[in-house]
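Here the structure is a predicted model, which is why all the values come from computation and not from measurement.
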Amino acid sequence: MKRTNIVAGNWKMNLTIAESVELASAVIAELGSGFSGCEAGIAPTCPALFETGKLLASGSLFLAAQNCHYENDGAFTGEVSARMILGAGCTYVIIGHSERRQLFGETDEIVNRKVSKALQEGLRVILCVGETLEEREGGITGDVVTRQVKAGLAGIAGIGDLVIAYEPVWAIGTGKTASSEQAQEVHALIRKTVSELYGAEAADGLRIQYGGSVKPSNAAELFAMPDIDGGLIGGASLNAADFAAIVKAAC
């Protein structure tokens, strides 16, 4: 099966609303009148979603949120629900990013509840999995990633609206990058795990992004791997020219 590559820019906690609109405009300009052969989008901060989304409404880029809660409404100060980000114009939401797991204590169970709620509300989900440096050096990368995939998808009936992003935690914001062979090995394991859960056809159609310090200089090599279907881009997505170059490498 020919899978369509997908590239998403995770802007994390950066940029004001005005700065987000400016960067989105620059990305659109860098990409030109449109692009074909891949899917691409950006994930600004929650305050900037609506205004940034206005720019994307008539174009080729999708709008994504960086997180959502597992309840629709309630006494959850500071949280944002799936239906709220859907109303802001999002089609995708990133769930289970390593920073959410490490810095904010999100467990596999919490991640699973968020995935379930987001899909129920009609969002597409980018589910993040990945190991720390200690786990990689301990030789348990496969165990950790397999556990996160199975736990994240527990009770999920179908994966047609799901993307998985493999992000080796040791390669995020450190300048280190897994070799294309290292990344491919884990991507193949993820696809094998999904095949065991949902069957070979569903697994073959699943898109798996790489999310560890992707840059214009290494994007094409990474995306050429048989089980790598694009990237979840952090730092490089804050530079319009770099992000556009990565998108073009995926198309």
Can you give me the closest heavy-atom contact between Asn72 and Met84, atom names plus distance?
O-CE, 4.2 Å
Donor-acceptor under 3.5 Å (Glu51 side chain, Val21 main chain)
no
Do other residues, nucleotides or ligands put more than 12 heavy atoms under 6.0 Å from Glu196 CD?
yes
Answer yes or no: is there a side-chain heavy-atom contact under 4.5 Å between Gln102 and Thr132?
yes
Quick one, Leu23 with Phe243, criterion side chain to side chain contact (heavy atoms under 4.5 Å, CB included). Give me CA distance, side-chain angles, the key distance, then yes/no.
CA-CA 11 Å; Leu23 178 55; Phe243 184 66; over 6 Å; no
Test salt bridge (charged side-chain N to carboxylate O under 4.0 Å, His left out) applied to Arg124 and Glu39, step by step
CA-CA 13 Å; Arg124 296 177 179 177; Glu39 188 178 5; 3.7 Å; yes
Among Leu127, Thr193, Ile208, the one residue meeting side-chain contact (heavy atoms from CB on, under 4.5 Å) with Val149
Thr193
Heavy-atom closest pair (Val125 atom, Ala118 atom, distance to 0.1 Å) is CG2-CB, 3.6 Å
Between Arg100 and Ile95, is there a donor-acceptor pair closer than 3.5 Å when you use the side chain of the first and the backbone of the second?
no
As an exercise, state the distance from SG of Cys90 to CG of Leu123, rounded to the nearest 0.5 Å.
7.0 Å
Assigning hydrophobic clusters by single linkage (Ile, Leu, Val, Met, Phe, Trp, Tyr; side-chain heavy-atom cutoff under 4.5 Å), is Ile228 placed with Ile190?
yes
Are a donor atom and an acceptor atom from the side chains of His97 and Glu167 found within less than 3.5 Å of each other?
yes
Stepwise side chain to side chain contact (heavy atoms under 4.5 Å, CB included) check, Tyr70 with Ile110
CA-CA 8 Å; Tyr70 50 74; Ile110 289 172; 4.2 Å; yes
Ile246 and Ala236 have their tightest heavy-atom pair at CD1-CB, 3.8 Å
Could you tell me whether Glu79 atom CD has more than 12 heavy atoms of other residues or ligands within 6.0 Å of it?
yes
Determine yes or no for a side-chain-to-main-chain donor-acceptor pair under 3.5 angstrom, with Ser237 supplying the side chain and Gly234 the backbone.
yes
Criterion side chain to side chain contact (heavy atoms under 4.5 Å, CB included) on Leu197 and Ile156, from CA distance to verdict:
CA-CA 10 Å; Leu197 295 172; Ile156 306 298; over 6 Å; no
For Asp108 and Ala151, indicate whether the former's side chain and the latter's backbone hold a donor-acceptor pair under 3.5 Å.
no
Straight-line distance of Leu49 CG to Ile17 CD1, nearest 0.5 Å:
9.5 Å
Following the transitive rule for hydrophobic clusters with a side-chain heavy-atom cut-off under 4.5 Å over Ile, Leu, Val, Met, Phe, Trp and Tyr, establish whether Val93 and Leu162 coincide in one cluster.
yes
So that I can tick it off, tell me whether Asp204 and Arg3 are bridged by a salt bridge, with the cut-off set at under 4.0 angstrom between side-chain N and carboxylate O.
yes
Are any side-chain N or O atoms of Arg136 and backbone N or O atoms of Thr141, one a donor and one an acceptor, separated by less than 3.5 Å?
no
Between the side chain of Tyr92 and the main-chain N/O of Ile94, is any donor-acceptor distance below 3.5 Å?
no
Could you label the plane-to-plane angle of the His187 and Tyr210 rings as parallel, tilted or perpendicular, counting under 30° as parallel and over 60° as perpendicular?
tilted
Is there a path of hydrophobic side-chain contacts, each under 4.5 Å between heavy atoms of I/L/V/M/F/W/Y residues, joining Ile140 to Val145?
no
Which distance, rounded to the nearest 0.5 Å, do you find between the CD of Glu185 and the OG of Ser180?
12.0 Å
Testing the basics here: between Leu15 and Ser20, what is the closest heavy-atom pair and its distance to 0.1 Å?
CB-OG, 3.5 Å
For a quick check under 3.5 Å, do Trp170 and Glu131 share a side-chain donor-acceptor pair by atom type?
yes
Minimum heavy-atom separation for Ala188 to Asp227, with atom names?
CB-OD2, 3.7 Å
Roughly how far apart are Glu135 CD and Leu133 CG, rounded to 0.5 Å?
9.5 Å
Minimal non-hydrogen separation, Cys128 against Leu232, with atom names:
SG-CD2, 3.7 Å
Between the main-chain N or O of Thr4 and the side-chain N or O of Arg207, is there a donor-acceptor pair closer than 3.5 Å?
yes
Residue among Glu109, His69, Glu106 satisfying side-chain hydrogen bond (donor to acceptor under 3.5 Å, both in side chains) with Lys114
Glu106
Go through the steps for Cys68 and Val80 under the test side chain to side chain contact (heavy atoms under 4.5 Å, CB included), then give the verdict.
CA-CA 5 Å; Cys68 73; Val80 179; 5.9 Å; no
For the atom pair CG (Asp229) and SG (Cys38), what is the distance rounded to the nearest 0.5 Å?
12.0 Å
Is it possible for you to say whether Leu222 and Leu206 belong to one hydrophobic cluster, with membership spreading through side-chain heavy-atom contacts below 4.5 Å?
yes
Looking at CG of Leu63 and OG1 of Thr91, how far apart are the two atoms once the value is rounded to the nearest 0.5 Å?
7.0 Å
Under 3.5 Å, side chain of Gln66 to main-chain N/O of Pro44, donor-acceptor pair present?
yes
Going only through I, L, V, M, F, W and Y residues with side-chain contacts under 4.5 Å, is there a path from Ile6 to Val186?
no
Side chains of Leu56 and Ile42 in contact at under 4.5 Å (non-hydrogen atoms):
yes
